[in-house]
Each structure stands twice: as C-alpha cells, then as structure tokens.
Chemist: 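My structure is below; once you've seen it, I'll send some questions.
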Amino acid sequence: MPNKPFAITLNPGSSLANLTGSWRTERPVYVDRLPPCNNTCPAGEDIQGWLFHAESGNYEKAWQHLTRDNPFPAIMGRVCYHSCEGACNRGQLDAPVGINSVERFLGDEAIKRGWKLATPEVESGKHVLIVGAGPSGMSAAYHLRRLGHRVTVIEAGPLLGGMMRFGIPKYRLPRDVLDAEMNRVVDMGVKVELNTKVDDILATMKEGKFDAAFLAVGAHIAKRAFIPSGEVSKIVDAVSVLRSMEGEDKPMLGRRVIVYGGGNTAIDVARTAKRMGAEPIIVYRRTRDKMPAHDFEIEEAMQEGVMIRWLSTIKKAGDTSITIEKMELDSAGFPQPTGQFETLEADSVVLALGQDVDLGLLDNVPGLEVAEGVVQVDANMMTGHAGVFAGGDMVPTERNITIGVGHGKKAARNIDAWLRGTTYVAPPKHQVATFEKLNTWYYTDAPKTVRPMLDIIRRQSTFDEVQGGLDESTALFEARRCLSCGNCFECDNCYGVCPDNAVIKLGPGKRFEFNYDYCKGCGMCAAECPCGAINMVPENN
Amino acid sequence: MSFQPVKFYQTGTFTVGNRLLVPEERSVQANMERTNSLNSGHRACQGCGEALGARYAIDAAMHATNNQLIAANATGCLEVFSTPYPETSWQIPWMHSLFGNAPAVATGIAAAIKIKRQKGLKDDVRVVAQGGDGGTTDIGFGCLSGMFERNDDVLYICYDNGGYMNTGVQRSSATPPAARTATTMPVGQQPGNVFGQGKFMPAIAMAHEIPYVATATVADLRDLEHKVKKAMTFRGARYIHILVPCPLGWGAASQDTIKLSRLAKETGTFPVFEAEYGELTNSSKIRRVLPVEEYLRPQKRFAHLFGKTPAVATLVRLQALADKNIRKYQLLDKEAN
Amino acid sequence: MLKQMEGSHAVAEAVALCRPEVICAYPISPQTHIVEGVGEMVKAGKITNCEFINVESEFAAMSVAIGSSATGARTYTATASQGLLFMVEAVYNASGLGLPIVMTVANRAIGAPINIWNDHSDSISQRDSGWIQLFAETNQEALDLHIQAFKLAEELSLPVMVCMDGFILTHAYERVDIPTQEQVDAFLPPYEPRQVLDTHAPVSIGAMVGPEAFTEVRYLAHEKQMQALDLIPKLAGEFKTIFGRDSGGLVRPYRTEDAETIVIAMGSVLGTIKDTVDEMRDAGVKIGVLGVISFRPFPLDAVREAIKHAKRVVVLEKTFAVGIGGILATDVRTSFFGFGIQIESYTVIAGLGGRPITKASLHELFEKAGRDDLPRLTFLDLDWKVVNKQLERERKMRRSGPAAENILRDVSSTAAHLG
C-alpha cells in the first residue's frame, strides 16, 4: 500500500520482526514426569498412559497399551491390591482414581470383544523353559513370546493359573475370566505341559534343549503349627481347602469352622466356608490393625457374617471344640499370653499360617543359592546358575499376584537380554510428579465411582462374584478423573495462557512446542499447567 | 464459573481447550487456527495480563463476528506495546487516536459502517473499542458515557490493571484502596490509596441501562469468551470489564498473572457477573471462598499491610469490601457451598 | 438557484449537496444553526445515507469524525470558539492521521472573559494544527468553500477548516446561489480514502512514532500543505468551470495594481474595507486590498506577488497574539522578508470579541497609514480611558478585582460604545 501515510499506518502483524525471545532469562521446557501410580505399580504398568487412551473412549488402544506391561487386566482388576490408588494424587483432592476398576473394565471388554495380544514379528530361535503356570510364569511366558522367543511352560497342576486358581476363591476371581486371560497367552504360541512336575531343572533343560529357564513355582505348601489335638480332631490347611474347591470333591469342614491366621488366605478360606453353609470364626493372635489381610477384605468378610476373635491363640483342639487363650499386646506390640482360656465349639480347624515353596527341583544346581526357603537372585533376576532365572513366590519378596506378574516381565526382559548376549538396562526413571507439581485448580470436583456390590444374601450363600464392574459410561467417568500427573494431556492451557503466542500447537496427539523466538520466559505456562509437565530452566547465555 | 456447558471430569471446564471435547465445545483459544489478533513480537512485559486479555477478547470477538471486526484503541500500555513504528502486532483493522476518545472513535467507525451497509456493504462489520482503566474510568469517561447513552453499536472492553502502568504506575480511579502506586505511596496516616474513592465502572455502565454489561478475568477463559460472544449477540452499547493483573504495577511474579486473577475472584475482591439492561442476570460463583489476604499477600503493592505490625484494621476494611461484593453480586452459590 | 437565506442555512445546504455520510456535532453559538440545519435534513430524509450523531462534547465530535473518516465515510462537523479549543487534542490528531474531515468554524472569540461574538482567535489558535484553513468573505463564498473543501481534503487526505465569521456571516440573511446536485456531483466525486479500516485489508492506523521517523512525518504534513498551494487555485478554476463564479483560491487582490498602500485582511471585514478603499480611491488615494482566503497553507508567493510594488501594507486582523501583536501580519512579513523588497508594514488589531469595525475608523486608520503616521501595532478604537483607569486601579490596589467586570462597569456609563 504505497499510498498509506508514512509511519502512522502499519501493515498487520508486522511485529513478527521483533524477536522478544531475547528478553528471556528462563525458558520453559516440556517434561514427562513419572506419575505416582506408575511409580508404585509392582507390575510396572504405565497406568497414566493407558488411562489417557481410555479417557478418549479408545478402550482397545488403552488395553493394548496396558498389556504391553501386564497381560492380565481382567485378573488384575479383581485381585490386585492396587497400591497405585494409594499413591494417586487425586486422593489429596477428593478420592483416588479407581484405576483398578477401569483396569477390570478394560480386561472384561477385551474378553468380551476377543481382543488379541500382539504376537512377535521376528522369531529369535531361542527356547525358554518356564516352570510354573502362575502369575509370574504366565507373565514371563507372555513377555518372552512377545519378544520373539519360543516358550514352553511346564506346570505340575492340572490347570493354568497357579495360585490365581488354587489360592483365590472364585467369588473374587471367576474362573471364566482366569481361563480367558490364560488362554490368550497360550494363543500366542506358548506351549504348555500340564500335570508335569519338574524334578531336576538342569536335566529338564538339557533334555528339552532350552536356552534359558525361568522358575516361577508358587508357594503351595502350607506352614504348619503344632497344636495338641485328639485323634478325631479335623485339622486341615487353608491351601488344601482352597485347592480342593477347584475339584469335584469339596472339602468337608462341618458347620463350626475355626480359621487360624490373619492373612488374606485366612479371610479367603473363611469366606469360602461361609458360602458352603458354615459359620466360620477367624482366630487371630493380634488386633485388627495388625492383621496382614487387607482391611477391605476383612470388612467384606465381616459383612458376610464371618466372626473374628482378636487377640487369641489356639492352645489345643478337641473333637468338637478348641481351647483358645486370650492374649494382650505388650509395649512393643507383641501378643503375650494372659492365662485366660475359653472354649469354642469347632467341627474343624483350618490353618492359614502362610505357605512355602517346594524347591526340590533345584537340588544339585551348581552355583544356585537358597536361603530362608527362597532362591537368591541378582538384580537381573538370575540365580547363581547362568541362564536360570527365578521370580514370584520363589524369590525374596512380598507375595502377591501383581508382584508375580511384575517379576515375570522383569525376568523376561533380562532373559531376553541374556539370550542376546547383552544386559537389560532399564530406561532412567523420570522425576516423580508429586502433588505440589500440579495446578489442581483446573480439575473439577468429581467423586470416585463406586463399583456395585453383590447383595449380602447372595454373598453369604453363593460363589457369585462379589464386586461388580463398571459399565462403559462409569468407566469413562472414572478414567477421566485421572489428573495425568506429569504428562501432557493436551488441555491446551499452555497454548492458551501464553501472552506472547509463543506456544505452537502441533495437533491432536502431537502435543506442543515452544517458539523460543517470542517466548519471554514469563513462566505462566508452567504455573498454569494442570499436570506439571512444564519445567522452567535458566537460560545459559 | 458461570458458563459450563460441558461437565467434564478429568479437566473440568477450566482448562483452555481439551482434546476430549468435540471441537465446537472447545474454546476459541484452543483452536489451531485462532486469529492471534494480537500477534507475537509485541512489547508487553513478561506475564502481561492485558496482552493476554486482549488476545482472548479480540480473538473471541473475531470468532463471533466471522472476522468482521474493527477495533478502536485508547492510548495506554496496550497501544504502546502493540504498535510502535515500524511494527504492529494487530492483525485486524485497528485504530489508535487518543487517550480519552476511544469510545467516540468507535462510534464514528460504527456510524460509517452503518452507512456503508445501507449503501450495500455485505459484511456485518462490528466494532470494539478498548482501553485500560485510566482510559476508561478517568480520561475517557465522558466519551464512554456518551457512547453508552446513545446506545451506539459498540462493544467497549476495559482492561483493568488498576492504575496508569504505562506512565510508571500512578493511581487511577480504578486503583484499589490501600494499594501502593507512585502517587499513593505507603506513607503517612493512610498508607497507599485511600478508602472511599474510586469508581466501579461496570456498575456505572449498568446505570446507563445498556443492553449488556459483564465482568471477567483472564483466569477464566471460557467465561470470558462466552461473554464476548454473548455481547456480540446484542446491538447497541455493550461493556465488558476484564481484570488484567500487571506484574510490574502490582509487584507480582510474571507467572502469577492468572493465579492473581483467580484469587481476585475467589476472594470476592473482583465480582464476576453479567447484567442486561441494567439488571444483574448472572453471577459467576466463587468456587472456594478465600480470605482477601490470599489475594493481597503475593502483591508488593500491598506489602505495607504485612509488615512487622500487620495493618489489621486495613485488612478488615478490605475484607469488608469483598464481603460486600459477595452479597451485592450474589457470588456464593448457596446450594453448592 | 438564487435564494435569500441565512448564512448558516446556506452552509447546511452546501454540506447536504456534498453527500456527507457522517455528521456529528455538539452545539455552540454561533455554529448552532448550521448543525440544526443539517440535522433536520438528515432526519427528514433530505440527506440520505447519512448518520447524524448528537455527541456529548466537541472532543467527542472530532473523535467520532476521526473514527468515521478512518472508516471511509465523508465526515463533517462544525464548531466555534471554546468548542474548538475543547477538541484541540483531536483536531491535531485528525490532521496527524491525515483524515479528510471538513469542519466549519463559526469564528468567535475565546474567553475569558466569555464572549460569544466574532473574531478569529479560535481558528487562528489552530494555525499550527496541520489543518488547511480557508476564510470565507461572504455567505456565497462560505457555501462555495465547503464544496471545494471536501474535494481538497479528500484529494490530499488532510482535514480542512472552513472559517466564517460568527453572526456576521452565520446569522446574516443574504441572497446566495445554491448549486444543483448535478453540479456538485460533477465537481465532487465519491470519497476514495487513501487509508481505511477495512476487514479485508487490515491495517493499524495511529502507530507510536519515535524520534527515528517523527520529523519525516511532520515534514510530510508540510509537504502536503505545499501541494495544497497548487491544488487550491486549481480547484477554484474547476469550480468556476462548473459553477460559473470565482470562489476560493489562495488570495483575492482588489484594486492593488498601482496601490501604494495595500490593506490585508481575512473574512467578512474585507467588505467594509473594500467600501472604504473605494471611497478613498474616488478621492484619489492609491490604495488597494488583498484578501487572504487560504491562511493555511499560507500563500507566501501569492502574497508577495500581490504586494511587491506597494510602499506599505496594513494588516488588519481579528486576532491578537498577546505579548507580540499580529499573527497574520507576521506571516505577511515572512512573505517578503529576504526578497530585497522595501515595504513598510503596520499591524492593526480590530474587531475583537465582536467590536464593530466602522468605515469611519478605517478611513482614519488608512489615512494615517498613508502618511506613515501609524504605530507598528495599532488597536483599532481602543478606549484608552477605560484601559488607563483599570491600570491605575491595579497600581493602587492589590485586590483590584476582575478586570473584565471593572471595565464593564466603567463603560456602562458610556454605553454607546457597544452600539
């Protein structure tokens, strides 16, 4: 426009020539921080990552993302003790995100819709032996198969699942769900030999020309306690009771069943007995808050009519009764006898005092070290014998299914590396996205969705699943409660709040970039990022 | 927040955009093709609330008018930082005349547009006028009142940062009581700006009974955009008063601009509401009511209230003003709280 | 079409014929009849496609005009005296932005003391505002100058003030020739702005300009006024072709050919001066008159050309630069200073605040001038008795009271003065 008045009339947007980035003393950078849920998950799930996809209703993608780390979401969604939820930052706002319930929803959707696990693109030609078809073994089988290795699982029992089948009652984990998730791993091309006990691991490996082995035998042997008793006293162990529930011959426990112990197995067996028409009483030597069982399980058991005698030990068992001694806690919190006794009617006593692993197959393995009933492994989960790895109940750890699944994954990665002649190096962990890093103003209040519970009458008389699942809308609601701690969820806040238009929006799924030509370094984007995914760092020059 | 068409759990309606919303429910600012009416390269200070508020408001107005918008601008920070020769940051037809005449210039623009439309112009071109609080409540007050009174077809937007920041932070009639400015220093019997002076322009605008009056802050983009959009549905004089923190003048950290806006609203210090034809029609409810101290403390212009002996009596008076706003503009949602 | 009508009405008719699109005004005497006239014509539909806006002040009037002109509308306003001063900031702004607004100034004195009567203090105070200033001698010329002003303004993209004496012209009923719409349309094409607020070609108008370009911007304003020196006579020529009469131009000489004394003035007083000069010519005095129509730009060359053969000039002006004297006179002296021309020049301040300028006083004045018996600075018909009395009062008394009120009391005894 040559006719425009000089200087006082200007062409639009010409200030782009003025690069205000030179003002900056600090620059914003996008970061990914580790969400506390991911940081806590024993199975190493990228929880925030799969919730991200679930939030947009893309459940299959969410499930695919989830099963990169854990192939059993339907099982996890029922039996995992979800420490993730305890770490969830949302718990400081209202209530933690119901990660476990969304996980179950995804797992159930996958079963319902027949989603398949990814199969390897390239075969390695290596063959790995897995001993034990429990959570750890089957998890390892999945991951190794996915990495392209041939896998053979040898299982002593008649069915897949290990402690998931023989330690967890069906009212908590319906068997069709268990079967579905086990079979999906088998469908990847995993070879399974049931009813086969490995007695000598090295011999089996040599015979089968295995390149490596992963030992994942569960703790199936009940610990015993000496209780003076008569000839006709019926004293059984909890593992046997639960195992026999899976067969044709149901255990005969009578009406008055005493369960001795305070762990989750004690609760499981008491609730099982209740469903068989008995009146179970749990006898435990300490108080409720010291009980190792999860509190929600104690609560559910009590709702169903399971009686619990706190601060009590069994002194002796008779034909139709037992004698218990009342205890009291000393100053250190340990139970001490009081000398006061009481008699309870009892048709049977079930001992739920913990379990051991049968380590017979490891006799005569050079270099392998056993201590306190478990196999010692290095940081890469390899035993002292090269090529033999171990995990789950067999190694020093807290025992639960999620930990077992995590071991399976970790072992698989290390076995894979070992087979390739390298060492697996885990990527460095990001800084944890703590609550203080968030700007929670941007999250509206949204209380947790409560999963439906089976009515109490049916809980006392049937083995129907107690806890229901979420439906599509409630699962979506729950997924969207995720704060996406430490990871951009494309809320557009940085793009919007920059007074200098110095944030470039790259489009769906591509996040954002800073335009350092114009960014003045005010820090507003970082302050207003809801999830703490922007960091301000000093400029060097 | 007054405008919540979307109940959205993960992120609420408070964020700028959100990938999970259907496009028509996302904000204008979330759009990759937003106009950036006030473009990069402007010379506003780091964290300038006015630069942010102006882009929010004008982009929304552009969106609402299908890019058929002309702006008149009063002298002040916004004008100076956006159009120093030889560069302008504006991408829309924009005019600066004087400090005190933006409403009248806009009236002239609107009149010219009206005649052009009569003569066959197809585009429904709309007009905004904008200025700071000094240009609005002080020097431009006469022209603004005249524009209101004639009900000229102009949307006037006041970016209120509570003082003459461009000239070095002097007091305006929108400077809050007790605030330190270069002409209300924290010395003497009544440190800072005195109580009982100043004027609240939105209420004066309401007294003109113009079609639409609204207040907003840069802390709630969706609310702000809704109000601009709504203003554009009316013909005649409209007024939107946007609180825009000034890091320089308020003595605040540059990253706290939005936080302070939020606190201004959440303490009741700055009432956020809408009025039509002189009547209050809607109040943006306070989400979690906070004491005024939360708003005042991060600002150095109020630092003299929090010295060795806190100015308790002054804080009580400031709290009373906020409480009065809460009552007068019905800022608490009785059911929600 | 010849009509007998009030000067204000004639101007209103002229403005209407120019097809204005936005008219805004705030009432002030003696401008009121003009805007009342155009306002009624807009409301009655006689002026179509025009927005008439009653604004709340002159500052708003000029500001609205700035907005509408920048949006490409032919814009008109009118004011006077205090009103012009009240809009000064916007007056400078309009010219600085190069907006072709046409404004009538119904010339009136500036207070204090408040005075509604005619002199040129208001317009002259804006001589450096960057506006073109044209002074009308008669109502016919006022009418004609408005038509020329729109064309001049729009060709140059500069605002034009048409100055006409308050009351003397605005309220005087005279016969005027009202042109036809066809004539005006033939002379004045539709407004084609040089810059416009257009949503399809956005620009930013009104940038802040620093030392690096400010001088250049100011020089270009001057350059445009220099262009006007060529354009004003050219338009007057075109005007004559279409309308058949001489009107406008830079200056208008009257009987100056062999004049030894040339009286220079602006506006309606030229009529009285010409009558006096005719009588003196009849008596054999070699005297002539030079009317200045274009005060800004000031036509230095045209003025010099007109007076270079004279022995003396008497510059009679209805304004007064306190502390020095004449304003027009200074500009006139600039026209020949440094050209080796020997001319005596006398400054006469006359007609302030509506003081009548009589032929009798002019006769006496010009005769004295012819004898070179005139002080360099003369105040026509100044009442020295009144002045001296007040000066005496002030010498004697610290609290002597307001001068204007004192003088009014003094003159009330000899009330004939204002007759």
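Here is the naming used below: chain letters follow the sequence lines, and residue numbers restart at 1 for every chain.
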Chemist: Side chain, backbone, both or neither: which part of Ile23(C) has a heavy atom under 4.5 Å from chain B?
Modeler: neither

Chemist: Pick one of side chain, backbone, both or neither for Ala94(C), based on which atoms fall under 4.5 Å of a heavy atom in chain B.
Modeler: neither

Chemist: Test your reading of the model: is there a side-chain donor-acceptor pair from Asn36(B) to the backbone of Leu38(B), 3.5 Å cut-off?
Modeler: no

Chemist: Between the side chains of Asp59(B) and Ser37(B), does any donor sit under 3.5 Å from an acceptor?
Modeler: yes

Chemist: Please check if the number of heavy atoms outside Lys119(B) that lie under 6.0 Å from its NZ is greater than 12.
Modeler: yes

Chemist: Should the heavy atoms of other residues, nucleotides or ligands under 6.0 Å from CD of Glu212(C) be counted, would the total exceed 12?
Modeler: yes

Chemist: So for Ile66(C), is it side chain, backbone, both, or neither that comes closer than 4.5 Å to the heavy atoms of chain B?
Modeler: both

Chemist: Does anything in residues 91-105 of chain B reach chain C? List residues with heavy atoms under 4.5 Å apart, or say none.
Modeler: Gln91(B), Ile92(B), Pro93(B), Trp94(B), Met95(B), His96(B), Ser97(B), Leu98(B), Gly100(B), Asn101(B), Ala104(B), Val105(B)

Chemist: Determine, stepwise, if the pair Lys114(B) / Glu21(C) fulfils salt bridge (Lys or Arg N to Asp or Glu O under 4.0 Å).
Modeler: CA-CA 10 Å; Lys114(B) 183 181 170 186; Glu21(C) 292 168 303; over 6 Å; no

Chemist: In terms of heavy-atom pairs under 4.5 Å, which option from Leu69(B), Asp123(B), Val125(B) contacts chain C the most?
Modeler: Asp123(B)

Chemist: Should Arg108(C) and Ile116(C) count as side-chain neighbours, where that means a heavy-atom distance under 4.5 Å?
Modeler: yes

Chemist: State whether Lys224(C) and Glu155(C) are salt-bridged, where the test is any N-O pair (Lys NZ or Arg NE/NH1/NH2 against Asp/Glu carboxylate O) under 4.0 Å.
Modeler: no

Chemist: Are side-chain N/O atoms of Asn54(C) and Tyr26(C) paired as donor and acceptor at under 3.5 Å?
Modeler: no

Chemist: Assess, by modelled atom type and distance only, whether the side chains of Asn73(B) and Glu79(B) contain a donor and an acceptor separated by less than 3.5 Å.
Modeler: no

Chemist: Please classify the contact between Val209(C) and chain B as side chain, backbone, both or neither, with a heavy-atom cut-off of under 4.5 Å.
Modeler: both

Chemist: Relative to chain C, which of Thr88(B), Thr107(B), Thr83(B) shows the most heavy atom pairs under 4.5 Å?
Modeler: Thr83(B)

Chemist: Using a cut-off of 6.0 Å, state whether more than 12 heavy atoms not belonging to Arg218(C) lie near its atom CZ.
Modeler: no

Chemist: Could you tell me if Gln68(B) and Thr199(C) have a donor-acceptor pair between their side chains, going purely by distance under 3.5 Å?
Modeler: yes

Chemist: Non-hydrogen contacts under 4.5 angstrom with chain C: give the residues of residues 140-157 of chain B involved, or none if there are none.
Modeler: Gly142(B), Cys143(B), Gly146(B), Arg150(B)

Chemist: Taking atom types as modelled, find out whether Asn39(B) and Ser89(B) have a side-chain donor-acceptor pair closer than 3.5 angstrom.
Modeler: no

Chemist: Decide if atom NE2 of His33(C) counts as having more than 12 heavy atoms of other residues, nucleotides or ligands within a radius under 6.0 Å.
Modeler: yes

Chemist: Quick check on Asp198(C) against chain B: is it the side chain, the backbone, both or neither that has a heavy atom closer than 4.5 Å?
Modeler: backbone

Chemist: Please flag which part of Ile53(C) lies under 4.5 Å from any non-hydrogen atom of chain B: side chain, backbone, both or neither.
Modeler: side chain

Chemist: Between Ser57(C), Ala60(C), Gly210(C), which residue shows the highest count of heavy-atom pairs closer than 4.5 Å to chain B?
Modeler: Ala60(C)

Chemist: For Ala111(B), which atoms come within 4.5 Å of any heavy atom of chain C: side chain, backbone, both, or neither?
Modeler: both

Chemist: Answer with yes or no whether the side chains of Thr233(B) and Tyr212(B) bring together a donor and an acceptor at under 3.5 Å.
Modeler: no

